[in-house]
Amino acid sequence: MSDRFAENLLTWYRREKRDLPWRKTDDPYRIWVSEIMLQQTRVDTVIPYWHRFLAAFPTVHHLANADRQQVLKLWEGLGYYSRGRNLHDAARTVADKYDGRLPDTYEKISALKGIGPYSAAAILSIAFNKPYAVVDGNVIRVITRYFGIEEDIRSASVRNRVREHAEELIPNNEPGDFNQAVMELGATVCTPKNPQCSSCPVSAGCIANQTSRTDVIPYKSKAKKIPHHKIGVGLIVNQSGKLLIALRPEDAMLGGLWEFPGGKNDTGESLEETVIRELREELGVEVRVSEKYMQLKHAYSHFKITLHAYWCTIISGNPQPKSSEKLKWVSLDELEQHPFPKANKILVEGLQNMQPEDLKRFLIK
DNA sequence: GATTCGTGGCA
DNA sequence: TTGCCAAGAAT
């Protein structure tokens, strides 16, 4: 019965809830950081990042006073880097405008960068004990199954119905635990595949369970296939044995992270020609492409790449940041101080296993 | 409303 | 190997 949904769920939650680090604090700032990191990201992935981030920035003021590169270095590998940039910006707003204290109204907290409907409800309910219902992927799955909603969950109308159900079910006394309990149920019991209905505290009232339709609810229309690109990048060494890296613009994909210069292979063009063209466009230099250093596959959120990295020698010109924010020559040891996206990080890790002397044969002549 | 935004785990 | 999905937000 839905009138006992919250009661049964909360009893289960108190017994089964996982021992997560952000459940041991009542500091709104720490809860805020956890909710941003948890967007589209699994609990097990977030835990070490959360510890490192809060060790470096124990208060809103520490984060507000940090520089961007330090914030992004701590976000390196976590993905969706605009989350880190927006969190940093929002911390500065909270420090300046609210004296370091996160506001506790839906309107004010939603105005902060990176806080949308989910995060606002999560923070207000968990940190401030206010009865705002969260709607995330877990809640959508639990609610559509429980009420037997079979329409496409991509549609806004379904998401609104889910939100209305959640708002109807959430109790006024412990809204934070209720929200976390629904999400916990979705993450551990009411899973996308092979849900463990025999262990579910609300299975008795669940329509999908009663009708054996958990395999088709929730329904989601197929995603479009994502494209695959070939990428060519250049590794350039100067006479000090340093490598050239480029900083991506703040508003771009992977903004604020570093990379080896290069770009997308055009059809009809060899990869060597791609590297020559891209370095001409990006750096304003002419290069000779020598041997391949590494080749790797990587999947971003909306396209896949095969990345080909080549050792290059500058024939003429002096590198200028024509399409990047800035350029920098760094030693093998200095590489690790900079935040790199995953695919470039693979290249960096390989380079760090080289000896500096091994770079000599790729020096500019 | 549809797209853009990372990365890792899993069947 | 491939596609799906994960405590979504911004445009």
Side-chain angles (χ1 to χ4, degrees), chain A residues 17-18 20 22-23 31-50 72 75-87 89-90 109-127 132-142 152-160 163 166 176-188 190-194 215 218-228 248 250-257 259 296-305 339-346:
Chain A
K17 70 176 182 180
R18 291 171 291 180
L20 306 179
W22 43 86
R23 289 179 178 166
I31 292 167
W32 173 23
V33 172
S34 77
E35 289 303 339
I36 302 303
M37 288 187 170
L38 284 164
Q39 289 169 7
Q40 299 289 283
T41 310
R42 294 177 178 283
V43 164
D44 290 342
T45 301
V46 167
I47 290 173
Y49 280 90
W50 187 84
L72 289 174
W75 210 271
E76 181 186 49
L78 193 55
Y80 286 140
Y81 298 96
S82 63
R83 294 182 298 171
R85 300 193 303 268
N86 287 335
L87 177 60
D89 291 345
I109 205 169
S110 297
L112 296 169
K113 292 178 80 172
I115 298 184
Y118 164 80
S119 299
I123 295 166
L124 290 171
S125 65
I126 297 168
Y132 291 92
V134 300
V135 178
D136 76 327
N138 292 305
V139 176
I140 289 172
R141 188 166 53 256
V142 170
D152 191 348
I153 60 170
R154 289 185 191 277
S155 76
S157 66
V158 166
R159 288 163 183 265
N160 280 328
R163 179 179 48 75
D177 275 357
F178 175 84
N179 279 333
Q180 293 186 81
V182 184
M183 294 190 283
E184 183 106 343
L185 187 73
T188 64
C190 192
T191 49
K193 295 175 183 174
N194 305 313
D215 56 335
Y219 166 70
K220 191 177 188 181
S221 54
K222 298 292 184 189
K224 284 199 310 185
K225 283 185 181 171
I226 63 178
H228 192 299
R248 296 181 59 84
E250 276 273 314
D251 56 351
M253 177 183 176
L254 307 171
L257 280 73
E259 66 182 359
L296 61 89
K297 294 180 182 296
H298 184 71
Y300 294 104
S301 50
H302 56 297
F303 62 95
K304 298 177 181 180
I305 64 166
F340 288 91
K342 179 63 179 175
N344 277 263
K345 188 71 175 176
I346 299 294

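The shown structure was predicted, so the numbers you read here are calculated from the model rather than taken from an experiment. Quick note on labels: first sequence line is chain A, next is B, and so on, each numbered from 1. The figures here come from the full heavy-atom set of this structure, side chains too, leaving out hydrogens, waters and symmetry mates.
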Handout entry: B:dG9 base / A:T45 side chain donor-acceptor hit below 3.5 Å
Key = no
Exercise for the section: Starting from the 5' end of DNA chain B, give me the residue, A:M253 or A:R154, whose nearest nucleotide shows up first. Expected result: A:R154
Practice task
Check every strand shown and say whether A:K224 touches a base, only sugar-phosphate, or nothing at a heavy-atom separation below 4.0 Å.
Solution key: sugar-phosphate
Problem - Donor-acceptor pair, side chain of A:Y81 and main chain of A:M253, under 3.5 angstrom - result: no
Practice task
Ignoring the backbone of A:K342, work out which of B:dG8, C:dG8, B:dG1 is nearest its side chain.
Solution key: B:dG8
Fill in the blank from the handout: Residue pair A:P341/A:A156 against DNA chain B: nearer the 5' end by closest nucleotide is A:A156
Practice task
Looking at every strand, decide which applies to A:S155 at a 4.0 Å heavy-atom threshold: base, sugar-phosphate, or nothing.
Solution key: nothing
Handout entry: Integer-rounded Å distance: B:dG8 C1' and A:Y300 OH
Key = 15 Å
Exercise for the section: Report which part of the nucleic acid A:R248 touches: base, sugar-phosphate, or nothing (heavy-atom distance under 4.0 Å, all strands). Expected result: nothing
Exercise for the section: State whether the side chain of A:R154 and the backbone N or O of A:K220 hold a donor-acceptor pair below 3.5 Å, judged by distance alone. Expected result: no
Exercise for the section: For nucleotides C:dA9 and B:dG8, find the distance between their P atoms and express it as a whole number of Å. Expected result: 22 Å
Exercise for the section: Can you tell me, in whole Å, how much space there is between the C1' of B:dG1 and that of C:dA6? Expected result: 22 Å
Problem - Of the listed nucleotides B:dT4, B:dT7, C:dC4, the one nearest the side chain of A:H298 - result: B:dT7
Handout entry: Closest heavy-atom pair and its distance - A:F178, A:A166
Key = CE2-O, 4.3 Å
Exercise for the section: Hey, could you give me the CG/CD distance between A:D177 and A:E184, rounded to the nearest 0.5 Å? Expected result: 10.5 Å
Exercise for the section: Could you state the atom-to-atom distance from CG of A:N86 to P of B:dC5 in whole Å? Expected result: 14 Å
Handout entry: Atom P, compared across B:dT3 and C:dC4: separation rounded to whole Å
Key = 15 Å
Handout entry: Phosphate-side-chain proximity, A:S119 and C:dA9, N/O vs OP1/OP2 below 4.0 Å
Key = yes
Exercise for the section: Verify, without hydrogens or angle tests, whether A:R83 (side chain) and A:M37 (backbone) share a donor-acceptor contact under 3.5 angstrom. Expected result: yes
Fill in the blank from the handout: Regarding the side chain of A:H302, the nearest nucleotide among B:dT4, C:dC5, B:dG6 is B:dT4
Exercise for the section: Just call it for A:W22: base, sugar-phosphate, or nothing, with non-hydrogen atoms closer than 4.0 Å on any strand. Expected result: base
Practice task
Could you give the distance separating C:dA7 and B:dA11 at their P atoms, to the nearest angstrom?
Solution key: 15 Å
Completion exercise
In whole angstroms, the gap separating C1' of C:dG8 from CG of A:L112 amounts to 16 Å
Exercise for the section: Would you please say whether a donor-acceptor pair under 3.5 Å links the side chains of A:R18 and A:T188? Expected result: no
Exercise for the section: Would you classify A:G77 as touching base, sugar-phosphate or nothing, given that sugar-phosphate means primed atoms plus P, OP1 and OP2, and contacts are heavy atoms under 4.0 Å? Expected result: sugar-phosphate
Handout entry: Donor/acceptor link under 3.5 angstrom from A:Y80 side chain onto base of B:dG6
Key = yes
Completion exercise
Quick note, A:P192 side chain, CB onward, closest among C:dA7, C:dG8, C:dA6 is C:dA6
Exercise for the section: Would you kindly give the CD-to-P distance between A:Q40 and C:dG8, to the nearest whole Å? Expected result: 5 Å
Problem - Whole angstrom value for the distance that separates P of C:dG8 from CD1 of A:I153 - result: 12 Å
Handout entry: Proximal nucleotide (of B:dC5, C:dA7, B:dG8) relative to the A:M183 side chain
Key = C:dA7
Practice task
Identify whether any heavy atom of A:K304 sits under 4.0 Å from a base atom; if not, whether one sits that close to sugar-phosphate; answer base, sugar-phosphate or nothing.
Solution key: sugar-phosphate
Exercise for the section: Look only at the side chain of A:N179 and the backbone of A:Y132, and say whether a donor-acceptor pair between them is shorter than 3.5 Å. Expected result: yes
Handout entry: d(CZ, A:R85; C1', B:dG6) in whole Å
Key = 12 Å
Exercise for the section: For the side chain of A:Q39, starting at C-beta, report the closest nucleotide among B:dG1, C:dC5, C:dG8. Expected result: C:dG8
Problem - Rounded distance (Å) that lies between atom C1' of C:dC4 and atom CG of A:N138 - result: 15 Å
Exercise for the section: Using a heavy-atom cut-off of under 4.0 Å over every strand shown, decide if A:I115 touches base, sugar-phosphate, or nothing. Expected result: sugar-phosphate
Problem - Plane angle bin for A:F303 and A:Y300 - parallel if under 30°, tilted between 30 and 60°, otherwise perpendicular - result: tilted
Handout entry: Which nucleotide in C:dC4, C:dA7, B:dG6 has an atom nearest any side-chain atom of A:A223
Key = C:dC4
Problem - Sugar-phosphate, base or nothing in reach of A:R159, heavy atoms under 4.0 Å - result: nothing
Exercise for the section: Calculate the interatomic distance between A:I226 atom CD1 and B:dC5 atom P; express it in whole Å. Expected result: 13 Å
Problem - Closest nucleotide among B:dC5, B:dT7, C:dA7 to the A:R18 side chain - result: C:dA7
Exercise for the section: Select from A:V135 and A:K222 the residue whose nearest nucleotide in DNA chain C is closer to the 5' end of that strand. Expected result: A:K222
Problem - Contact under 4.0 Å: A:R83 side-chain N or O vs C:dA10 OP1/OP2 - result: no
Practice task
Remember a base hit wins even if backbone is also touched, and classify A:L257 as base, sugar-phosphate or nothing at under 4.0 Å, heavy atoms.
Solution key: nothing
Practice task
Looking at every strand, decide which applies to A:A187 at a 4.0 Å heavy-atom threshold: base, sugar-phosphate, or nothing.
Solution key: sugar-phosphate
Exercise for the section: Could you check which of C:dA7, C:dG3, C:dA10 has an atom nearest any side-chain atom of A:K225? Expected result: C:dG3
Problem - Nearest-neighbour nucleotide for the A:K193 side chain, B:dA11, B:dT7, C:dA9 considered - result: B:dA11
